[in-house]
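Single-structure report; data block below.
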Amino acid sequence: MGTNATSNEELKEIENLGREDIEEAPVVPDDVSRIAPWPKQITIRGLVASFLIGTIYSVIVMKLNLTTGLVPNLNVSAALLGFVFIRAWTKILAKAKIVSTPFTRQENTVIQTCAVACYSIAVGGGSVFSN
């Protein structure tokens with residue numbers, strides 16, 4: 001009976017170990033209060049940049065889809081091009097001594113999402129015509 005009691009105690013300890021991880025409070029980053037509300041994350045410059053990137057990628061993806069049938073994942077490059085476009089825009093404005101709002105990670109995410117949505121529409125339209 002002693003070995004059976006020990007195994008039951010060990011099982012309870014194992015169950016409690018798993019529960020301790022679940023009951024921990026979620027970790028919230030310190031800079032959450034500095035994140036702008038979502039209407040301020042959607043900017044005119046972000047929409048213009050995503051339109052340009054989306055247009056370029058739509059042509060590229062449509063050509064690739066119609067010729068090879070393969071569609072690459074361009075999420076990372078869309079984010080990178082969005083970063084380059086907006087960073088260049090803010091530097092040009094700074095050299096012209098025009099004050100602009102700083103570029104944020106959230107704005108880059110909006111640009112990436114819009115650009116990917118644009119070329120995803122082109123992929124959907126291209127696959128209909130390729131059949």
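Remember, predicted model here, so these are calculated numbers, not experimental data.
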How long is the straight-line distance from [atom2] of [Y] back to [atom1] of [X], given to the nearest 0.5 Å?
X: Phe103; Y: Arg45; atom1: CZ; atom2: CZ; answer: 7.5 Å
X: Asn65; Y: Ile60; atom1: CG; atom2: CD1; answer: 13.5 Å
X: Leu52; Y: Cys114; atom1: CG; atom2: SG; answer: 12.5 Å
X: Gln106; Y: Thr43; atom1: CD; atom2: OG1; answer: 11.5 Å

Under a single-linkage rule joining Ile, Leu, Val, Met, Phe, Trp and Tyr whose side-chain heavy atoms are separated by less than 4.5 Å, which residues share a cluster with Leu93?
-> Trp89, Ile98

Might you point out which heavy atoms bring [X] and [Y] nearest each other, and give the distance in Å?
X: Thr109; Y: Thr113; result: O-OG1, 2.8 Å
X: Gly82; Y: Asn108; result: C-OD1, 3.8 Å
X: Ser50; Y: Ile111; result: CB-O, 3.6 Å

Identify, with sequence neighbours excluded, every residue that meets side-chain hydrogen bond (donor to acceptor under 3.5 Å, both in side chains) alongside Gln112.
-> none

Should Leu81 and Ile44 be counted in the same cluster of Ile, Leu, Val, Met, Phe, Trp and Tyr side chains packed under 4.5 Å apart?
-> yes

Any chain of hydrophobic side-chain contacts (each under 4.5 Å) joining Val59 to Val48?
->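 Per the 4.5 Å side-chain linkage, Val59 and Val48 are not co-clustered.
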
Any chance the side chains of Ser77 and Tyr57 put a donor and an acceptor closer than 3.5 Å?
-> yes

Side chains of [X] and [Y], heavy atoms from C-beta outward: is any pair under 4.5 Å?
X: Ile121; Y: Ser58; value: no
X: Leu64; Y: Leu70; value: no
X: Leu74; Y: Val116; value: no

Only pairs at least two apart or in different chains count here, so list each salt bridge (charged side-chain N to carboxylate O under 4.0 Å, His left out) that has a residue in residues 51-74.
-> none

